[in-house]
Amino acid sequence: MAERKPISSWLTDMDGVLIHEGTPIPGADAFIKRLRDSGLPFLVLTNNSIYTARDLHARLKRMGLDVPVENIWTSALATAQFLDDQRPGGTAYVIGEAGLTTALHDIGYVLTDHDPDYVVLGETRTYSFEALTKAIRLINAGARFICTNPDETGPSAEGPLPATGSVAALITKATGKDPYFAGKPNPLMMRTGLNAIGAHSETSAMIGDRMDTDVLAGLEAGMQTFLVLTGLTSVADIDRYPYGPSHVVESIADLVDLIDLPDQVDQGKQAEQAEQAEQADSR
């Protein structure tokens, strides 16, 4: 296997990696601080489309994790970016919360139930029969079906909750139309995120706790992948998949020292330049 280039940008999932049921995972604060001190580009990602990046910034800060708004990338933002690229200034009927509706408003979309270009399904804790019926009829009438993410369940203190993917399956069953999923494991979410921070997949790493979303998305986007065991995947689960992560670690705490600080980056560049000069002299 060809040797990978040093990691110069980081993407990390949020739930199961940095936090678990509203509590920071040990080492998450040190990881975020080290990233900010390093000056390296980074993003915290989530498939949850309920909250805006500003909401998530505030929620994380209350837990002791200071992640700037511009370093948060959600499936709602990825969906909005996709729609803006596909049909700028379009219209959509939306089932979702502020994270999704705000993202669509911000790109200039009009939210309507009158002959929309798209039906966009996101996460909410209040799916209504009336809204789902309207979505089904609009899709049958020709609206394109978009979904923020394919997650079938989500975590809660009481146990798993039905999530966007489960509701999308209901709509698909009623319409015969499959949605386009913008969030993980679609590498689109990773690539648009990398573009947002000016990073390249060849020198980027993705950290996640799920093989079927985080690791798969990172792999298909061409990044190194780190699987942490503080979320939904155990070591025994890994062999169930036909692909594997680049690295497996116990938790985010094990990755803190992999982040190069500015003086280490400068030393690395100097060493690389010295090696190149030595090779040139020997020719």
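The first residue in the sequence is number 1, and the count goes up from there. Heavy atoms only: backbone and side chains are in, while hydrogens, waters and symmetry mates are out.
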Quiz item: If you look only at pairs with a residue in residues 181-200, which of them pass as a salt bridge (charged side-chain N to carboxylate O under 4.0 Å, His left out), with sequence neighbours excluded?
Solution: D13-K184, K184-D214
Exercise. Answer yes or no: is there a donor N or O on one side and an acceptor on the other, between the side chain of Y51 and the main chain of H57, under 3.5 Å?
Key: no
Quiz item: Which pairs pass salt bridge (charged side-chain N to carboxylate O under 4.0 Å, His left out) with one or both residues in residues 91-118, sequence neighbours excluded?
Solution: R87-D117, D113-K134
Practice problem: Flag the pair V67 / R36 as yes when at least one side-chain heavy-atom distance between them is below 4.5 Å, and no otherwise. | Solution: no
Exercise. Supply the atom-to-atom distance H247 NE2 to L255 CG, rounded to the nearest 0.5 angstrom.
Key: 9.0 Å
Exercise. List the atom of G183, the atom of P150, and the distance in Å for their closest heavy-atom pair.
Key: O-CD, 4.4 Å
Quiz item: M211 and G244: which non-hydrogen atoms are nearest, and at how many Å?
Solution: CE-CA, 4.1 Å
Practice problem: Measure the spacing between CG of L170 and CG of L132 and express it to the nearest 0.5 Å. | Solution: 6.0 Å
Practice problem: Would you please say whether a donor-acceptor pair under 3.5 Å links the side chains of E123 and S49? | Solution: no
Practice problem: Evaluate the ring planes of Y109 and Y118, with Trp represented by its six-membered ring, and classify them as parallel (under 30°), tilted (30 to 60°) or perpendicular (over 60°). | Solution: tilted
Quiz item: Which salt bridge (charged side-chain N to carboxylate O under 4.0 Å, His left out) pairs, counting each pair once, include a residue from residues 165-176, with sequence neighbours left out?
Solution: none
Quiz item: Sub-3.5 Å donor-acceptor pair from the side chain of T164 to the main-chain atoms of D151, do we have one?
Solution: no
Practice problem: Provide the closest heavy-atom pair for S251 versus T230 in the form atom of the first, atom of the second, distance. | Solution: CB-CG2, 3.5 Å
Quiz item: How long is the span from the CG atom in L138 to the OH atom in Y93, to the nearest 0.5 Å?
Solution: 7.0 Å
Using atom types as modelled, flag every donor-acceptor pair under 3.5 Å from a side chain in residues 72-83 to any protein atom, sequence neighbours excluded.
from: W73; atom 1: NE1; to: M189; atom 2: O; distance (Å): 3.2
from: T74; atom 1: OG1; to: A76; atom 2: N; distance (Å): 3.3
from: T74; atom 1: OG1; to: L77; atom 2: N; distance (Å): 3.1
from: S75; atom 1: OG; to: N47; atom 2: O; distance (Å): 2.6
from: T79; atom 1: OG1; to: S75; atom 2: O; distance (Å): 2.7
from: Q81; atom 1: NE2; to: D85; atom 2: OD1; distance (Å): 3.2

Practice problem: Step by step, work out the side-chain contact (heavy atoms from CB on, under 4.5 Å) result for D212 and Y241. | Solution: CA-CA 8 Å; D212 57 345; Y241 296 88; 4.1 Å; yes
Quiz item: After noting the C-alpha distance and the side-chain angles of L229 and L227, does the key distance pass the side-chain contact (heavy atoms from CB on, under 4.5 Å) rule?
Solution: CA-CA 7 Å; L229 302 176; L227 177 72; 4.2 Å; yes
Quiz item: Is there a chain of hydrophobic side chains (I, L, V, M, F, W, Y, each step under 4.5 Å between heavy atoms) that links V256 to L258?
Solution: yes
Self-check item: Minimum heavy-atom distance between L188 and A182, given as atom pair plus value
Solution: CD2-O, 4.1 Å
Quiz prompt | Single-linkage hydrophobic cluster L43~L194, side-chain heavy atoms < 4.5 angstrom | solution = yes
Self-check item: Same apolar cluster (I L V M F W Y, side chains within < 4.5 Å links), F145/V120
Solution: no
Quiz item: Could you walk me through whether V167 and I95 pass the side-chain contact (heavy atoms from CB on, under 4.5 Å) check?
Solution: CA-CA 11 Å; V167 181; I95 299 176; over 6 Å; no
Quiz item: Quick one: are T91 and H114 in side-chain contact, heavy atoms under 4.5 Å?
Solution: no
Self-check item: Results of side chain to side chain contact (heavy atoms under 4.5 Å, CB included) for D29 - residues two or more places apart only
Solution: L65
Quiz item: Could you give the distance from CZ (R210) to CG (D237), rounded to the nearest 0.5 Å?
Solution: 11.0 Å
Quiz prompt | V17 to I207 - nearest heavy-atom pair and separation | solution = CG1-CG2, 3.8 Å
Quiz item: Restricting to pairs with a member in residues 51-60, which pass salt bridge (charged side-chain N to carboxylate O under 4.0 Å, His left out), not counting sequence neighbours?
Solution: none
Quiz item: So with a 6.0 Å cut-off around CD of E250, is the heavy-atom count from everything else above 12?
Solution: no
Exercise. Return the minimal non-hydrogen interatomic distance between D84 and P88, and the atom names on each side.
Key: O-CG, 3.1 Å
Quiz item: Do other residues, nucleotides or ligands put more than 12 heavy atoms under 6.0 Å from the NE2 atom of H20?
Solution: no
Practice problem: To the nearest 0.5 Å, tell me how far S201 OG sits from E220 CD. | Solution: 12.5 Å
Practice problem: For S246 and T225, indicate whether the former's side chain and the latter's backbone hold a donor-acceptor pair under 3.5 Å. | Solution: yes
Self-check item: I197 with V44, same ILVMFWY side-chain cluster at under 4.5 Å
Solution: no
Practice problem: Determine, step by step, whether M14 and L60 satisfy the side-chain contact (heavy atoms from CB on, under 4.5 Å) criterion, reporting the C-alpha distance in whole Å, the side-chain angles of both residues, the deciding distance to 0.1 Å, and the verdict. | Solution: CA-CA 10 Å; M14 186 170 68; L60 290 169; 3.9 Å; yes
Practice problem: Rounded to the nearest 0.5 Å, what's the gap from CD1 on I136 to OG1 on T172? Could you check? | Solution: 9.5 Å
Exercise. For the residue pair I25 and F31, establish whether any side-chain heavy-atom pair is separated by less than 4.5 Å.
Key: no
Quiz item: Under 4.5 Å between any side-chain heavy atoms of P179 and I146, yes or no?
Solution: no
Exercise. Treat each ILVMFWY residue as a node, draw an edge where side-chain heavy atoms are under 4.5 Å apart, and state whether V69 and L40 are in one component.
Key: no
